[in-house]
2 protein chains.
Amino acid sequence: MALRYALLAALQEEPATGYELTQRFRTYLAHVWNATHQQIYRELGKLHDEGLVTAETIAQSERPDRKQYRVSEAGETALTQWLATPQPRPATRDPLLVKLFAGDNLDARVMARELAELRQQCEQRLAAYREMERTWFRDPGSVPRRYRLQYLALRRGILGAQSWLAWLDEAEREFPSTDDS
Amino acid sequence: MALRYALLAALQEEPATGYELTQRFRTYLAHVWNATHQQIYRELGKLHDEGLVTAETIAQSERPDRKQYRVSEAGETALTQWLATPQPRPATRDPLLVKLFAGDNLDARVMARELAELRQQCEQRLAAYREMERTWFRDPGSVPRRYRLQYLALRRGILGAQSWLAWLDEAEREFPSTDDS
DNA sequence: TCGATCATGTAACAGGTTACATGATTTT
DNA sequence: AAAATCATGTAACCTGTTACATGATCGA
């Protein structure tokens, strides 16, 4: 359900094609809502059928046509209505934690490797978030409200990554790495 | 995919009926993997068809029969194999963060209320986790490995909740609550 | 007497994943 | 010459959600 509203919000910031939206979701929306291009195209189609977005086809020589979408009035109404509805928290479903319930079937070395990879991933993400923080939100007070809210989402990404790193400190004690590389 | 292995792990700890498993998933597995009874029954059926679990029907007078499942050898093999395979991290999909991208369509009072509710939820969970920590893992060093690993999962729940509370401290500054109640 | 608990399921639907498909241009 | 980028989609499948269904017992 939320994907469509994420699309509407993104389009409201600036009209875009499915392709461009896919990129936004991959980059600065990745810590908020994940979606592949298939899902995005499908949902854009539905939104168009329902009149929540309008589409303008821009012919290009030597390239497939681009379909630029923008939010319609009906779309804005729908978005506002959704925003006013409290959303349930997403359920936790983490395969890594599932593994911890398998007891002695779990191989410590395999696990150590998986934790090491997770640590690397967290550190990379954290660095990327910090980079965004530096380039766009150096002085959060002077940023217009719209972007200050996005900064909050980024802060969530940062705090989330840090909290995983803190957990990894604890978890790695249980799975001592043999440190081969 | 991971649900089946969560079930196998849970059954390995102790054979159980679908009903009992549902309860475990609702209580001490909620911070690891969420699943409803419908999903669990469906998956148990498949696991049984595939021979990864065996079922023993226990007739009861005046109550529906209980079907007690236990992991078969094939099931244990499948579990071990899965454990050795690195699992991709779950994707982030958070409707609350999506809302932050809707800019001025977002009503501050509505948002303040949603944040307050989230805070309450986090605090409740944290208290429940702390309670588990106190009752089962007062002295983690003396606990057998199997349960020390489960303690790690609990630690993840605790750190996760704390990190959300830290974020809420920041977020609430952006949505000052009018404090009516 | 009403709701919770015990104990199992079926069915329809919504949402997300994976694979396949096309085809030109630009970069390595 | 190969791979990545631009730009769009279809189709099958798997997983998760929601609604519906049954029926007895036990505690408030």
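Heavy-atom basis, side chains included; hydrogens, waters and symmetry copies ignored. Protein chains get the first letters and strands the later ones, always in sequence-line order, with residue 1 at the start of each.
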Revision key, fill the gap. Expected list for residues 10-23 of chain B near DNA chain C, using heavy atoms below 4.0 Å, is B/Thr17, B/Gly18, B/Tyr19, B/Gln23

Practice item. Scan side-chain atoms only and decide if A/Arg42 and A/Gln38 contain a donor-acceptor pair under the 3.5 Å cut-off. Key: no

Check your understanding: Quick one: what's the B/S/- string for nucleotides 13-18 of chain D, heavy-atom cutoff under 4.0 Å, read 5' to 3'?
Key -> --SBBB

Point to revise | Atom-to-atom span, CZ of A/Arg66 to P of C/dT25 - whole angstrom | key: 17 Å

Review point. Given atom OH of A/Tyr5 and atom C1' of C/dG15, what is their separation to the nearest angstrom?
Key: 14 Å

**Study point:** Beyond-backbone contact of A/His37 with A/Gln23, side-chain heavy atoms, under 4.5 angstrom
**Key:** no

Exercise for review: Ignoring hydrogens and angles, tell me if any N or O in the side chain of A/Thr17 forms a donor-acceptor pair with the backbone of A/Lys67 under 3.5 Å.
Suggested key: no

Practice item. Quickly work out the B/Glu56 CD to C/dT8 P distance and round it to whole Å. Key: 13 Å

Check your understanding: Thinking salt bridges, do A/Arg148 and B/Glu174 make one under a 4.0 Å N-O criterion?
Key -> yes

Exercise for review: Answer yes if the side chains of A/Glu133 and A/Tyr151 hold a donor-acceptor pair under 3.5 Å, and no otherwise.
Suggested key: yes

Check your understanding: Rounded to whole angstroms, how far apart are CD1 on A/Ile40 and C1' on C/dG15?
Key -> 14 Å

**Study point:** B/Arg89 CZ to C/dT17 P, straight-line distance once rounded to whole Å
**Key:** 15 Å

Point to revise | B/Arg24 CZ to C/dA7 C1', straight-line distance once rounded to whole Å | key: 16 Å

Check your understanding: For the residue pair B/Trp136 and B/Tyr28, does the interplanar ring angle fall in the parallel (under 30°), tilted (30 to 60°) or perpendicular (over 60°) class?
Key -> perpendicular

Exercise for review: Flag yes if more than 12 heavy atoms outside A/Arg145 fall under 6.0 Å of its CZ atom; otherwise flag no.
Suggested key: yes

Revision key, fill the gap. The bend of the helix from C/dT1-D/dA28 to C/dT28-D/dA1, taken between the axes of its five terminal pairs at each end and rounded to 10°, is 50°

**Study point:** Spacing of A/Tyr41 atom OH relative to D/dT10 atom P, expressed in whole Å
**Key:** 11 Å

Review point. Is it the case that A/Asn105 and B/Thr80 place a side-chain donor and acceptor less than 3.5 Å from each other?
Key: yes

Review point. Looking at B/Asp169 and B/Arg119, does any basic side-chain N land under 4.0 Å from a carboxylate oxygen?
Key: yes

Check your understanding: Tell me: CZ of A/Arg4 to C1' of C/dG16, nearest whole Å?
Key -> 15 Å

Exercise for review: Report yes or no: do B/Gln81 and B/Glu76 form a side-chain donor-acceptor pair below 3.5 Å?
Suggested key: no

Review point. Is the gap between the ring centers of A/His31 and A/Tyr129 under 6.0 Å?
Key: yes

